[in-house]
Protein chains: 2
Amino acid sequence: MNILIADDEPFMIKIVKAYFEKEGFNILQAQDGEEALRIFYAHPIDLAIVDWMMPKVNGIQVCKEIKKQSTTKVLLLTAKGEDEDELIALQSGADEYVRKPFDPRILIVRAKKLLQMDRLIYLGDLKIDMDGQKIYRNEQDIQATHTEFHLMKYFIENRGIIISRKALLDHVWGFDYYGEERTVDTHIRRLRAKIGDHTIKTHRGMGYSLEENNE
Amino acid sequence: MNILIADDEPFMIKIVKAYFEKEGFNILQAQDGEEALRIFYAHPIDLAIVDWMMPKVNGIQVCKEIKKQSTTKVLLLTAKGEDEDELIALQSGADEYVRKPFDPRILIVRAKKLLQMDRLIYLGDLKIDMDGQKIYRNEQDIQATHTEFHLMKYFIENRGIIISRKALLDHVWGFDYYGEERTVDTHIRRLRAKIGDHTIKTHRGMGYSLEENNE
DNA sequence: ACGGTTTTTTACAAGATCGGGACGGTTTTT
DNA sequence: AAAAACCGTCCCGATCTTGTAAAAAACCGT
């Protein structure tokens, strides 16, 4: 998850950065609006946390520019406290608005809400969207088929533990499915080809398991 | 659009009601948490604006109850002003949090944002006017029909995720619609003809999805 | 090192799914 | 009233997915 923080106060960036990195986010930083946009165009940003008052290009302009190009989430920060400003912020397309000074935990909560972290699962270079039924590898949709996705889903729900072919047939294909156990092998193989060999481990005579740490 | 307002101060309800009705919303009101839930169960509510401090059942509880049952949006109102409270509010599942006293216009903006109204969405060479019910391609109105627009709207509200035909029938045609699933295909085809083939992607055996980046 | 067993790989045919064309019925516009 | 637009359904050919079988490779205890 890449988060861009744009603020002209180095101290502010330092604080926010520290909190977000503790939560496992990857942080990119900018000191003014121009730099913010340059970074935005050069990297895949999931969320931009932008201060309103910045040199060169202000936060509102950055927000509008980002929103014109993409669906990247934007959170506006501001030292101002007028209701009027909040209106302008929201109308410029910002997804969220937080007033300075703020409790950093609130920023985290709001950021996570914007990023819909609850439906996304990260596993090494993989990202699984449980709602969207998609699997990404290095941000690229691997185009998993129906069975492949449900296989992956069941592995994730039982990650780390060894699952027998029978259990997989029962849960992915349905308990009333009648077919060869070896069919599972083929689908494991197809899935492996898409997500990388290392992620699903074979346990001879027992079944397969999804490994937490791949490498 | 049905909005439920729950607050124990009649004056508060009166103000909010007035503003929202001016915007064309249909308002239902409750004086305490118990009444709020009763109304919620009896009517299709799009958004619940709930005061934290209420007799019998408080706002947090109402929020949790609503979220347990549905995906109805909840906006919490509060006279308190602690950051701590905002955290509790968001963690209880509330979608938005507004402190009293507030500028009614902000409440409107936030409500509309939650309801995904009044928004212009850009998607490659497309522009979708959620409010005006129009879709433009290269600034040209593509003259989408009623069903086509609502199909598009639902895709946008769930962009990037794979949506089954059944889900589309349920949400675009209505959960009580009885008809062929393949009808969806035909409308997808007609929509594609107007917006370009690339935007809506087919996922064999799963459904369709609206892609963020059309390359 | 060997032979039996289990897993991986390859190949292919059956089956399911989808896109597009066409059509008739209904509603809206002219 | 006629014409146009819109909607839902059906069908067919093209395409993708899936299950199975069979060959190749890997594994394991002796």
Checklist entry - Considering Watson-Crick and G-U wobble pairs with both distances under 3.5 Å, what does D:dT30 pair with? => result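 Its partner is C:dA1.
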
Item to check | Under 3.5 Å on both distances, the Watson-Crick or G-U partner of D:dA24 | outcome: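 Paired with C:dT7.
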
Rounded distance in Å - [atom1] ([X]) to [atom2] ([N]):
X      : N      : atom1 : atom2 : answer
A:R165 : C:dT7  : CZ    : P     : 4 Å
A:I188 : C:dT9  : CD1   : C1'   : 15 Å
A:R192 : C:dT9  : CZ    : C1'   : 12 Å
B:D197 : C:dG19 : CG    : C1'   : 10 Å

Next on the checklist: Quick check: any donor-acceptor pair below 3.5 Å linking the side-chain of B:R189 to the base of C:dG20?
Outcome noted: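 Yes.
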
Checklist entry - What about B:R182: does its side chain form a donor-acceptor pair under 3.5 Å with the base of C:dG19? => result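 Check passes, donor-acceptor contact within cut-off.
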
Next on the checklist: Any base atoms under 4.0 Å from A:T202, or only sugar-phosphate, or nothing? Heavy atoms, all strands.
Outcome noted: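 Sugar-phosphate only.
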
Checklist entry - Going through the distances and angles, do A:R192 and A:T202 end up as a side-chain hydrogen bond (donor to acceptor under 3.5 Å, both in side chains)? => result CA-CA 11 Å; A:R192 274 176 174 159; A:T202 307; 2.7 Å; yes

Checklist entry - If you measure from the Lys or Arg side-chain nitrogens to the Asp or Glu carboxylate oxygens, is any gap between A:E139 and A:K127 under 4.0 Å? => result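 A salt bridge is present here (some side-chain N lies under 4.0 Å from a carboxylate O).
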
Next on the checklist: Salt bridge or not between B:E148 and B:R190? Use side-chain N to carboxylate O under 4.0 Å.
Outcome noted: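 Looking at B:R190 together with B:E148, the answer is no, because their closest N to O distance does not fall below 4.0 Å.
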
Next on the checklist: Let's see if you get this right: which residues in residues 145-154 of chain A place a heavy atom under 4.0 Å from DNA chain C?
Outcome noted: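 Contacts with DNA chain C under 4.0 Å: none.
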
